[in-house]
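By convention in this document, chain letters (A, B, ...) are assigned in the order of the sequence lines, proteins followed by strands, and residues within each chain are numbered from 1.
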Number of protein chains: 2
Amino acid sequence: MTDDAPITLLIVDDHPVVRDGLRGMFEAAPGFRVLDEAANGVEAVEKAAGLDPDVILMDLRMPGGGGVAAIRELTRGGARAKVLVLTTYDTDSDTLPAIEAGATGYLLKDAPRDDLFNAVRAAAEGRTVLSPAVASRLVSAVRGPGAPRNEPLSAREREVLALVAKGTSNREIARELFISEATVKTHLTHLYAKLGVKDRAAAVATAYQRGILG
Amino acid sequence: MTDDAPITLLIVDDHPVVRDGLRGMFEAAPGFRVLDEAANGVEAVEKAAGLDPDVILMDLRMPGGGGVAAIRELTRGGARAKVLVLTTYDTDSDTLPAIEAGATGYLLKDAPRDDLFNAVRAAAEGRTVLSPAVASRLVSAVRGPGAPRNEPLSAREREVLALVAKGTSNREIARELFISEATVKTHLTHLYAKLGVKDRAAAVATAYQRGILG
DNA sequence: AGGCGCATCAGCCGATCGGTTGACGGCATG
DNA sequence: CATGCCGTCAACCGATCGGCTGATGCGCCT
């Protein structure tokens, strides 16, 4: 790939507004060429096969064809395209799966325009680009390839979690277990980290999926 | 039972402090007689068989022998004793199970002393006594015998709930679904009512148990 | 002896949640 | 056509949560 050849793009997002915004942004900048758009993962895989873009800008969380699955399919299919994940809002729980699935970069849509351009150029060259928030998450999560993070919860943590699943507030949990509210919060913070979630609702969901509850 | 015969009591609670408190309270008042105490459901069933108390004051949520199971066993065994449930803090999800299991009354420990006395007298006569909070829950839950309230969630509500289970905040859910945060909250309030829970964590738990999620 | 995980606690903060009340249009059912 | 459910939205409020920093004591393993 020479310096003057434009980087070709495929934009994947379920929000038409976002697609337009990205298209406009890249068409207005030199060195980029938007080949097409797709509204979901399935469509993205199809179009990528035909168009062979350099970089795919992909949203996660789309109706009808999740982003992570699409990435996995693309990389497994040996596609040349680099996938740059662009998440709508903040760093959610799909970060690691997306990267494990083969995403080359991961950043937030509210990143400055120039960061976006740089990220796409970097991705086109195969360099990994991560938004700071994501990067910090990754370093704190240096773990084996594809390991679904399975740290065991302590007995006390499981006890707290079980009460959380019953709708018990931290204060109530404290009274139930004869400990202070501060301790309850500590247990919660720890088990959030172990489960890889960020609030009690997600903790309960993950616990059910792993058979810790129910 | 004549007017001057004291009402005999069995106190069941895992907290020694609470047991002492109740014992002291009833021993100081005329017309009551505390026969014994138990620290869990199993012990309660055993002692009730031997002592034949008029009223059993029972906490729910105890380690080693849940209160509801004990109540069920007592009533199924044809015990004469009336069970008055005394919950530590507030109206939790065990309210209905406890009453269905055969509890004669249900009130909160922070009820005024006289309410407690009256409740025990009422229970001894077989009258049902409920704390206001519990009563209002019941009227809004005129369920058939043993029916675990199975109101179906609307499609939108299920959609919101699924995102909640992923740890998504209300604001993020709003963006995902192209609706306002106010609407998200409305959906949540509705689905809490339908599931009979009071926060998102319990909603997720209930949803898993009913197969709505996972 | 030193390190490590677990459990306990404090205080502060901003962000978020849940409750409440009230409202509007659409659509179906009766 | 009246009633009810669904979906949408607003504004306000107190309660709760989650993050952060930092600290102590205990038991276990090396």
Taking only nitrogen or oxygen atoms into account, show me every contact under 3.5 Å that the protein makes with nucleotides 24-30 of chain D, one pair per line with its distance.
none

At a cut-off of 3.5 Å, list every protein nitrogen or oxygen paired with a nitrogen or oxygen from nucleotides 23-30 of chain C, distance to 0.1 Å.
none

Just the table, please: protein N/O against nucleotides 17-19 of chain C N/O, every pair under 3.5 Å.
{"from": "C:dC17", "atom 1": "OP1", "to": "B:N170", "atom 2": "N", "distance (Å)": "3.1"}
{"from": "C:dC17", "atom 1": "OP1", "to": "B:R200", "atom 2": "NH1", "distance (Å)": "3.4"}
{"from": "C:dC17", "atom 1": "OP2", "to": "B:N170", "atom 2": "N", "distance (Å)": "3.3"}
{"from": "C:dC17", "atom 1": "OP2", "to": "B:N170", "atom 2": "ND2", "distance (Å)": "3.3"}
{"from": "C:dG18", "atom 1": "OP1", "to": "B:Y192", "atom 2": "OH", "distance (Å)": "3.2"}
{"from": "C:dG18", "atom 1": "OP1", "to": "B:R200", "atom 2": "N", "distance (Å)": "3.1"}
{"from": "C:dG18", "atom 1": "OP2", "to": "B:Y192", "atom 2": "OH", "distance (Å)": "2.7"}
{"from": "C:dG18", "atom 1": "OP2", "to": "B:R200", "atom 2": "NE", "distance (Å)": "3.2"}
{"from": "C:dG18", "atom 1": "N7", "to": "B:K185", "atom 2": "NZ", "distance (Å)": "3.0"}
{"from": "C:dG18", "atom 1": "O6", "to": "B:K185", "atom 2": "NZ", "distance (Å)": "2.6"}
{"from": "C:dG19", "atom 1": "O6", "to": "B:K185", "atom 2": "NZ", "distance (Å)": "2.9"}

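From one end of the helix from C:dA1-D:dT30 to C:dG30-D:dC1 to the other, with five pairs defining each end axis, the axis direction shifts by 60° (rounded to 10°).
One can place CD of B:E159 at 15 Å from P of D:dC6, the figure rounded to the nearest angstrom. One can place CG of A:L161 at 13 Å from P of C:dA7, the figure rounded to the nearest angstrom. The CG-P distance, from B:L177 to D:dG7, rounds to 11 Å in whole Å. Counting to the nearest Å, the P atom of D:dC5 and the CG atom of B:L191 are 16 Å from each other. Per the geometry, CD1 belonging to A:I179 stands 15 Å off P belonging to C:dC6, to the nearest Å. At whole-Å resolution of the value, NZ in A:K194 and C1' in D:dG18 are 18 Å apart. When rounded to the nearest whole Å, the span between CZ of B:R175 and C1' of D:dC9 equals 17 Å. C:dA7 atom C1' lies 15 Å from atom CG of A:L153, rounded to whole Å.
To the nearest 0.5 Å, the span separating NZ on B:K185 from CD1 on B:I173 amounts to 12.0 Å. Note that the CG atom of B:L195 and the CG atom of B:L188 stand 10.5 Å from one another [nearest 0.5 Å]. The CD atom of B:E176 sits 6.5 Å away from atom OG1 of B:T168, with the distance rounded to the nearest 0.5 Å. We find the CZ-CD distance between A:R175 and A:E181 to be 9.0 Å, quoted to the nearest 0.5 Å.
Residues satisfying the ring pair (Phe, Tyr, Trp, His ring centres under 6.0 Å) test with A:Y208, not counting sequence neighbours, are B:Y208. In terms of the side-chain hydrogen bond (donor to acceptor under 3.5 Å, both in side chains) criterion, B:T186 has no residue partners (sequence neighbours excluded). With sequence neighbours excluded, the residues satisfying side-chain contact (heavy atoms from CB on, under 4.5 Å) with A:E159 are A:R156, A:L177. For A:K47, the side-chain hydrogen bond (donor to acceptor under 3.5 Å, both in side chains) partners two or more places apart in sequence, or in a different chain, are A:D36, A:E43. A:T189 pairs by the side-chain contact (heavy atoms from CB on, under 4.5 Å) definition with nothing, not counting sequence neighbours. Looking at residues two or more places apart in sequence or on another chain, you find a side-chain hydrogen bond (donor to acceptor under 3.5 Å, both in side chains) between B:R23 and B:E27, B:E37. B:D199 pairs by the side-chain hydrogen bond (donor to acceptor under 3.5 Å, both in side chains) definition with nothing, not counting sequence neighbours.
Annotation: side chain of B:L9 is in contact with side chain of B:V120 (closest heavy-atom distance under 4.5 Å).
Among the protein residues, B:T183 comes within range of the nucleic acid bases, having at least one heavy atom under 4.0 Å from a base atom.
A close approach under 4.0 Å does not occur between any side-chain nitrogen or oxygen of A:S154 and OP1 or OP2 of C:dG5. For B:H187 and D:dT8, the shortest distance from a side-chain N or O to OP1 or OP2 is below 4.0 Å.
Among pairs with a residue in residues 154-175 of chain A, none fulfils ring pair (Phe, Tyr, Trp, His ring centres under 6.0 Å), at least two apart in sequence or across chains.
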TODO: Start with the C-alpha gap between B:D14 and B:N40, add the side-chain angles, then the distance that decides, and say whether side chain to side chain contact (heavy atoms under 4.5 Å, CB included) holds.
DONE: CA-CA 6 Å; B:D14 58 322; B:N40 59 58; over 6 Å; no
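Among D:dC9, C:dA10, D:dG7, the nucleotide with an atom closest to any side-chain atom of B:A182 is D:dC9.
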